[in-house]
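These notes concern the structure reproduced below.
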There are 2 protein chains.
Amino acid sequence: MYQNPPGPRRAGPTGGRRVTLHDVAREAGVSYATASRAIHPGSRKVNEGARDRVLAAAGKLNYTPNFPARAVAHGSTMAVALVVSDVADPYFSSLAAGARRAADDAGLSLTMAVSGGDPEREVELVRKLRGQRPRAIVVAGSRLTDCPHRDALAEELRLFEGAGGRAVLISQPDLPFPTISLANGESGQRLTTALAGRGYRRLAVIRGPDKLRTSRDRADGLVRGAAADGIVLAKRDVIEAPFTRDGGYQAALSLVERGLGGIDAVVAVSDVMAVGAMSALRDSGLAPGRDLGVAGFDDIPMAVDVMPMLTTVAAPLVEMGARAVRLALGDRAGSQTETVATEVVIRDSTPRRP
Amino acid sequence: MYQNPPGPRRAGPTGGRRVTLHDVAREAGVSYATASRAIHPGSRKVNEGARDRVLAAAGKLNYTPNFPARAVAHGSTMAVALVVSDVADPYFSSLAAGARRAADDAGLSLTMAVSGGDPEREVELVRKLRGQRPRAIVVAGSRLTDCPHRDALAEELRLFEGAGGRAVLISQPDLPFPTISLANGESGQRLTTALAGRGYRRLAVIRGPDKLRTSRDRADGLVRGAAADGIVLAKRDVIEAPFTRDGGYQAALSLVERGLGGIDAVVAVSDVMAVGAMSALRDSGLAPGRDLGVAGFDDIPMAVDVMPMLTTVAAPLVEMGARAVRLALGDRAGSQTETVATEVVIRDSTPRRP
DNA sequence: TTGAAAGCGTTACCAA
DNA sequence: TTGGTAACGCTTTCAA
């Protein structure tokens, strides 16, 4: 008789009383177990009359099931965790929007964790998240080339799966977990082909850190594509900068300061960087599109609101976020890695050249 | 002796074993209670040697405290909940970034709930969130003018507070809860003054639904300001549209189709709408800035990357998100409503007119 | 400082 | 179908 003794409820931190299932059961005049069954969606083993009374009592008392308690008893929560580098970055917030929707469809809530792009923090985050016992952890944007952290992350995720959770990665295909993957390299090649077809002859590439898998694959694809399509891409015209808007800005600035030397287009490995680059060009007195073609990757929403509109390799970001969650929640059958299609979208920032 | 029986741990859904505090205690050779105290940050009442052994054992076994269980026992979680309309909207994702940071500083995790702008869903969300027993719920972007839902929301938040939680609103100052408030009306007036000073004489306003408090206050401020500053703002030149980028686009389009009739600037009640409006103007063959001044509210990051750069009333969005969480977590002393300062930022989208 | 054990609010099993 | 109750993994008195 250690449990749920009748009598006044314990006061909360600010003096409030908590309504528990016990109160509901008493109010409805049924047993504790019956009340639980009536409230829980899954079990239909309860008399209609009793159920109605329980539901009515719950409504009257404004009862809300206590999720943590439910989680402890049932051994699993109703939450999915998403790890991103930065919520305010359009790339990640689009992924988050999709993940949220899919979680919602499954009746789960979404917990967001933000790493700030710090791989160490990312590992720490996953570790903490493990304690939350979410149904699944989706990791977007880790730096998988960075070996020690890469392994530490894999270990944390492995432990998470060992405890019954599900881990899924987005766009980082070389860890032994189900992954929503983008054909980044191939996309880069297709982009150069499109640019070559529009008359571009000499490229500069603005890329993120080499440790960032997405950045590296895209940059490599661009280099390969340039070679294949007869476009000149000098080694010194591949500029590395932080994988952010400001990184793109700085990279473009240094490009201009150094002298363009015949470059007729600059491709950034993300739209966010490309947008920064466009602003830098403009601040340097150059007109993006007219003086220099500009292109990016992702097709973030603002790509059509910058001027000129940005040519890009469109990735279905929202859909990717949703698919990651669905992949995590679905059964293990089928392929573990889903590759989503990308599409080159030509806009005004890369007009046809004479 | 019903509790934590020794022996093999229960298998998880996929067959994994869970490491519990019991295992750690046994591994360290101390009692269950001592292990708990050693792991829990707050209690220093444990022998250093024992503590070290516990921590070592925890590390060795890869133990992670079970948050839900902790929450059940302790009566409160380590999470803060944030309700927004749309994660992918820069306004909300900036708020989220700030809220995340503040939650992080307090050692709490952030759970995001997305209402999609649907007030009914928003109430439902808060209700569900109550079940999660977060330390605090921060609601951004509700439509408080919509009375039935407004009251329902207030009731849910009241119940949440009754159970010991903390509720804080962002930019919706007319519910009886602590609020991070923006001087929206006053900001609107200051913007018209600035525009008048730059030679603008006839305005159009693109606004969101009347039910949206933020939109209404800003629009009202613009109307008042126009009157005070001798700017013409005809009733028919106030266009209502969805509070989104596409809403702004449509509104501007209809404005152009209808004929500008002497309007020399269009002000949208948010940067997101303003950006949409700029694109619409451009698609209609007009040059924002040159043919027509454009201004917005918020100063979202992309305001400086559109062309021309957007004049706006800057709100410290990230800081607001952070302050909301801090307000929720702090003690009840001091003022319940904090008003944050805004600042008119003139950029190229509103050049001086002859 | 430590250990035993009583909760916390659920779910789920078992017998009725 | 129902009620009783063990169990979930933890925190926190209460004695020792």
Side-chain angles (χ1 to χ4, degrees), chain A residues 1-7 9-13 17-26 28-51 53-54 58 63-78 131-133 163-164, chain B residues 1-7 9-13 17-26 28-51 53-54 58 63-78 131-133 163-164:
Chain A
M1 217 42 2
Y2 62 90
Q3 166 185 305
N4 293 309
R9 316 284 348 122
R10 199 188 59 161
R17 344 198 149 67
R18 263 134 175 155
V19 180
T20 75
L21 194 50
H22 190 102
D23 303 313
V24 174
R26 208 173 27 178
V30 300
S31 87
Y32 197 77
T34 304
S36 172
R37 287 188 276 255
I39 299 258
H40 192 73
S43 37
R44 284 274 158 68
K45 301 177 168 189
V46 60
N47 189 328
E48 189 142 336
R51 203 193 55 205
R53 261 179 301 140
V54 171
Y63 169 75
T64 333
N66 182 320
F67 278 56
R70 195 175 258 198
V72 171
H74 183 261
S76 124
T77 59
M78 295 292 273
Q132 262 160 222
R133 306 287 191 270
Chain B
M1 213 43 2
Y2 61 90
Q3 166 188 308
N4 293 308
R9 318 285 344 122
R10 200 190 57 161
R17 330 190 164 72
R18 264 132 176 158
V19 179
T20 74
L21 194 50
H22 190 101
D23 304 314
V24 174
R26 209 173 28 178
V30 299
S31 87
Y32 196 77
T34 304
S36 171
R37 288 188 272 253
I39 299 257
H40 192 72
S43 35
R44 284 273 158 68
K45 301 178 168 188
V46 60
N47 188 324
E48 188 139 340
R51 201 193 56 205
R53 260 179 303 141
V54 170
Y63 170 75
T64 333
N66 183 319
F67 278 57
R70 195 175 259 197
V72 172
H74 183 260
S76 123
T77 61
M78 295 292 273
Q132 257 154 226
R133 307 286 191 268

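Throughout, a chain's letter reflects where its sequence line sits, starting with A, and its residues are numbered from 1. When reading the values below, keep in mind they use all heavy atoms of this one structure, side chains included, and skip hydrogens, waters and symmetry mates. In this text, all values refer to a predicted model and were calculated from it rather than measured experimentally.
The CD1 atom of Ile39(A) sits 13 Å away from the C1' atom of dG9(C) (whole-angstrom rounding). Across the protein-nucleic acid pair, Arg51(B) atom CZ and dT1(C) atom P stand 11 Å apart, rounded to whole Å. As a whole-Å value, the separation of Arg70(A) CZ from dA12(C) C1' is 13 Å. When rounded to the nearest whole Å, the span between CZ of Phe67(A) and P of dC10(D) equals 21 Å. For the pair Gln132(A) CD and dC8(D) C1', the interatomic distance rounds to 18 Å; values are reported in whole Å. dC8(C) atom C1' lies 14 Å from atom CG of Asp23(A), rounded to whole Å. Distance, His22(B) NE2 to dG9(D) C1': 11 Å, rounded to whole Å. Between the CZ atom of Arg133(B) and the P atom of dC8(C) there is a distance of 14 Å, rounded to whole Å.
Of the candidate nucleotides dT2(D), dG9(C), dC10(D), dC10(D) has the atom nearest to the side chain of Asn66(B). The nucleotide whose nearest atom lies closest to any side-chain atom of Ala73(B) is, among dG9(D), dG9(C), dT11(C), dG9(D). Among the nucleotides dT2(D), dT11(D), dG9(D), the one closest to any side-chain atom of Ala69(B) is dG9(D). Counting only heavy atoms from C-beta on, Thr34(B) has its side chain closest to dG3(C) among dT2(D), dC10(D), dG3(C). Ranking dA4(C), dG9(D), dT1(D) by closeness to the Ala33(B) side chain, first place goes to dA4(C).
Take the nearest nucleotide of DNA chain D for Thr64(B) and for Glu48(A): the residue whose nucleotide is more 5' is Glu48(A). Of the residues near DNA chain C, Ser31(B) and Leu21(A), the one whose nearest nucleotide (by heavy atom distance) lies more toward the 5' end is Ser31(B).
Taking the side chain as every heavy atom from C-beta outward, Asp23(A) and Arg18(A) never approach each other to under 4.5 Å. No side-chain heavy atom of Val30(A) sits less than 4.5 Å from a side-chain heavy atom of Arg37(A). Side chains of Thr77(A) and Phe67(B) form no contact here, defined as non-hydrogen atoms less than 4.5 Å apart. Contact annotation: the side chain of Arg133(B) approaches that of Thr64(A) to within less than 4.5 Å [non-hydrogen atoms, C-beta and beyond].
Scanning atom types as modelled, one donor and one acceptor separated by under 3.5 angstrom connect the side chain of Arg37(A) and the base of dG3(D).
For the OP1/OP2 pair of dC10(D) and a distance below 4.0 Å, the side-chain nitrogens and oxygens of His74(B) include no atom meeting the criterion.
Using a 4.0 Å heavy-atom cutoff across all strands shown, Tyr63(B) reaches sugar-phosphate atoms only and no base atom.
A donor-acceptor pair under 3.5 Å is absent between the side-chain atoms of Arg51(B) and the main chain of Ala38(B), judged by distance alone.
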